[in-house]
Amino acid sequence: MFRNADNLLTMTEKQYSKATQAVWAGEDNPYFKEAVTTPIVNSVAFAYKDLDQWYDVSTGKQEGFIYSRNTNPTVTSLEEKIRVLEGAEDATAFATGMAAISNTLFTFLKPGNRVVSLKDTYGGTSKLFLDFFPEYKVDVQLCETGNHEEMELEIAKGCDLVYLETPTNPTLKIVDIKRMAQAAKKVGAIVVVDNTFATPINQNPLSLGADLVLHSATKYLCGHSDAMGGLLAGSKELVKKVFHFREINGASLQADSAYMIARGMKTLELRVKRQSESAAKIAQYLKAHPKVRDVFYPGLETHKGHEIARSQMNGFGGMLSFSLDGGYHLVEKLLPSLKLVHLAASLGSVSTLAGPPRTTSHVELTEEQRALLGIPESLIRYSVGIESVDDLIQDLDDGLRKL
């Protein structure tokens, strides 16, 4: 939460490209013994010989660190990186992506409040809306994803927070961020956008009117499936409120994970560009395959949200999903036959990952709840890695041929 003024000016006023920001943001100050990488500071506490200085740092009158549950040098470097990439005033980090989502929502939603969101949100988020918040007497209204008129009507009735996810997980539906933000502003609602699928390389919700943007940093930002974390960026006023909730509730990110995520982010632009290009080719291949019923990828011109995606995204991302022309038994046959895929419940890695929602994005929900959200059991979520796209297509072709 403590920012270096020189660093802010260096990275924002010169308007560097995303590729350069991903490497340098939060890392252009000299470190211990002139090291060229951010050090992992695993110290729990930070000592001061001068009691007055200690007090000033503790109360925020002076920059510094007191206790790593609150702030930590390695974590602060990571926060600065996402702050710059998202064009935000401030940012804060969490132990996991769900910690970022839940801490943000619980910061702003109290008994008697009303939240308007989508039916197609990540399973953990859906669980909060379907099970947790009703118990806290929060009125939850989930709208058909992509039905902007319905959502505008519900927002106009009055709400305290509008929660968006676009593209959605796992059906890759698209929501018009600018349009929904304009509707929310009319009633004074806070707009929060989960930008995990798009990444700050392909989409910047704050520039479209959102108040807060969050990420499961475990996914594309880290990019190697070896560290967990969550990040939130936005205005100083709002981020400070979430930061205070997080520091008291203890969902803090550890220095080791912060270092791993920040290191992964240095290649974020390279990876996302490659994954987006490959996903587009794979989507075209699957769309033409006779054994594939539907392909969900916003880069396809036939995708219902294609025009909106094209207007608010710089690229269509490395995530896609598809359903087979048959039941779940075909999913059970296809997935184990693929050789260049990890059947695992994550995404955004350098290696390709795939699985059905019942074991990945929406494992927390029942089959009935998934059906209510419009997620078929025959759906396969496919997270494209950085492997050769020709090899991935051949792998899919070999598997589909066996069905």
Could you check whether any side-chain N or O of T59 sits under 3.5 Å from a backbone N or O of Y55, counting only pairs where one atom can act as donor and the other as acceptor?
yes

Sorted by first residue and then second, give each side chain to side chain donor-acceptor pair (under 3.5 Å) pair with at least one member in residues 346-357; sequence neighbours left out.
S225-S349, T352-E387

Quick one: closest heavy-atom pair of T96 and M228, and the distance?
CG2-CE, 4.0 Å

Do N169 and T121 have side chains that get closer than 4.5 Å, going by heavy atoms?
no

Between S43 and F46, is there a donor-acceptor pair closer than 3.5 Å when you use the side chain of the first and the backbone of the second?
no

Tell me if the NZ atom of K178 is crowded by more than 12 foreign heavy atoms within 6.0 Å.
no

Could you tell me which residues satisfy ring-ring contact (aromatic ring centres under 6.0 Å, His included) with F133, sequence neighbours excluded, listed by chain and number?
F106

Heavy-atom closest pair, residues G399 and L334:
C-CD1, 3.4 Å

Step through the shown structure and confirm whether more than 12 heavy atoms of other residues, nucleotides or ligands are within 6.0 Å of NZ on K281.
no

A198 to Q203 - nearest heavy-atom pair and separation
CB-CB, 3.5 Å

Any sub-3.5 Å donor-acceptor pair from T267's side-chain atoms to G264's backbone N or O?
yes

Treating S311 as the side-chain partner and I308 as the backbone partner, does any N or O pair qualify as donor plus acceptor under 3.5 Å?
yes

Can you find a side-chain donor-acceptor pair between D120 and T168 that sits under 3.5 Å?
no

Electrostatic pair R401:D397 at N-O distance under 4.0 angstrom:
yes

Does the side chain of S383 reach to within under 4.5 Å of the side chain of R381, using non-hydrogen atoms?
no

Would you indicate whether the side-chain heavy atoms of V239 and E89 approach each other to under 4.5 Å?
no

What's the verdict on side-chain contact (heavy atoms from CB on, under 4.5 Å) for I282 and V384, showing C-alpha distance, side-chain angles and the deciding distance?
CA-CA 9 Å; I282 293 171; V384 181; 3.9 Å; yes

Keeping H215 on the side-chain end and L232 on the backbone end, is there a donor-acceptor pair under 3.5 Å?
no

For L142 and F129, the nearest pair of non-hydrogen atoms, with its separation, is CD2-CD1, 3.9 Å

Can you tell me how far the CG atom of L335 sits from the OH atom of Y382, to the nearest 0.5 Å?
10.0 Å

Could you walk me through whether K273 and S276 satisfy the side-chain hydrogen bond (donor to acceptor under 3.5 Å, both in side chains) test, starting with their C-alpha distance in whole Å, then the side-chain angles of each, then the deciding distance to 0.1 Å, before giving a yes or no?
CA-CA 5 Å; K273 184 177 180 180; S276 297; over 6 Å; no

Quick check: do F108 and L212 have side-chain heavy atoms less than 4.5 Å from each other?
yes

Give the minimum heavy-atom separation between S77 and G26, together with the two atoms involved.
OG-O, 2.7 Å

Please verify the inter-ring angle class for Y48 with W54; under 30° counts as parallel, over 60° as perpendicular, anything in between as tilted.
parallel

For residues 318-330, dump all side-chain donor-acceptor pairs below 3.5 Å to protein atoms at least two apart in sequence or in another chain.
from	atom 1	to	atom 2	distance (Å)
S321	OG	P170	O	2.9
S323	OG	D294	N	3.4
D325	OD1	R293	NH2	3.3

CG on L78 to CD on E27, rounded to 0.5 Å:
9.0 Å

Is K119 paired with E144 through a side-chain N to carboxylate O contact shorter than 4.0 Å?
yes

Please walk me through it: do D211 and K185 pass salt bridge (charged side-chain N to carboxylate O under 4.0 Å, His left out)?
CA-CA 10 Å; D211 298 297; K185 298 307 177 189; 2.6 Å; yes

A quick test of your reading: do over 12 heavy atoms of other residues, nucleotides or ligands sit less than 6.0 Å from NZ of K110?
yes

Distance only, no hydrogens: is a donor on one side chain within 3.5 Å (strictly under) of an acceptor on the other, for T196 and D194?
yes

Euclidean distance, K266 NZ relative to T20 OG1, rounded to 0.5 Å
13.5 Å

Is D139 salt-bridged to K157, cutoff N-O under 4.0 Å?
no

Nearest 0.5 Å please: distance from the CG atom of N42 over to the OG1 atom of T74.
7.0 Å

Is the count of non-hydrogen atoms from other residues, nucleotides or ligands lying under 6.0 Å from E269 atom CD greater than 12?
yes

When rounded to the nearest 0.5 angstrom, what distance separates CD1 in I101 from OH in Y122?
7.5 Å

Main-chain N/O of A93 paired with E79 side-chain donor or acceptor, under 3.5 Å:
yes

Any luck finding a side-chain donor-acceptor pair between N195 and E165 under 3.5 Å?
no

With sequence neighbours left out, the residues meeting side-chain contact (heavy atoms from CB on, under 4.5 Å) with E152 are R179, M180, A183

Which pair of non-hydrogen atoms, one from I261 and one from G229, has the smallest distance, and what is that distance?
CD1-CA, 3.9 Å

Nearest-0.5 Å distance, CG of residue N113 to OH of residue Y136:
14.0 Å

CD/E332: more than 12 non-hydrogen atoms of other groups inside 6.0 Å
yes

Ignoring hydrogens and geometry, is there a side-chain-to-backbone donor-acceptor pair from D56 to Q62 under 3.5 Å?
no

Mind jotting down which residue pairs meet the ring-ring contact (aromatic ring centres under 6.0 Å, His included) criterion with at least one end in residues 271-305? Sequence neighbours excluded, please.
Y285-H289

In terms of side-chain heavy atoms, does K18 have a donor or acceptor partner in N204 at a distance below 3.5 Å?
yes

Is it the case that over 12 heavy atoms from other parts of the model lie below 6.0 angstrom from the NE2 atom of H342?
no

Between the side chains of D390 and Q394, does any donor sit under 3.5 Å from an acceptor?
no

Would you check, one step at a time, whether the test side-chain contact (heavy atoms from CB on, under 4.5 Å) holds for V162 with I190?
CA-CA 6 Å; V162 174; I190 296 171; over 6 Å; no

Between K173 and K304, is there a side-chain heavy-atom distance shorter than 4.5 Å?
no

For the pair K291 (side chain) and L400 (backbone), establish whether a donor and an acceptor sit closer than 3.5 Å, ignoring hydrogens and angles.
yes

Sequence neighbours left out, what passes side-chain hydrogen bond (donor to acceptor under 3.5 Å, both in side chains) with S117? Give chain and number order.
none

Show your reasoning for whether salt bridge (charged side-chain N to carboxylate O under 4.0 Å, His left out) applies to R83 and E80.
CA-CA 5 Å; R83 185 200 71 78; E80 175 64 5; 2.9 Å; yes

Is it the case that over 12 heavy atoms from other parts of the model lie below 6.0 angstrom from the CD atom of E149?
yes

Among T92, T104, N103, T107, which residue meets the side chain to side chain donor-acceptor pair (under 3.5 Å) test with R246?
T92

Take Q254 and V75 through the test side-chain contact (heavy atoms from CB on, under 4.5 Å) and record every step on the way to the result.
CA-CA 7 Å; Q254 293 192 353; V75 177; over 6 Å; no

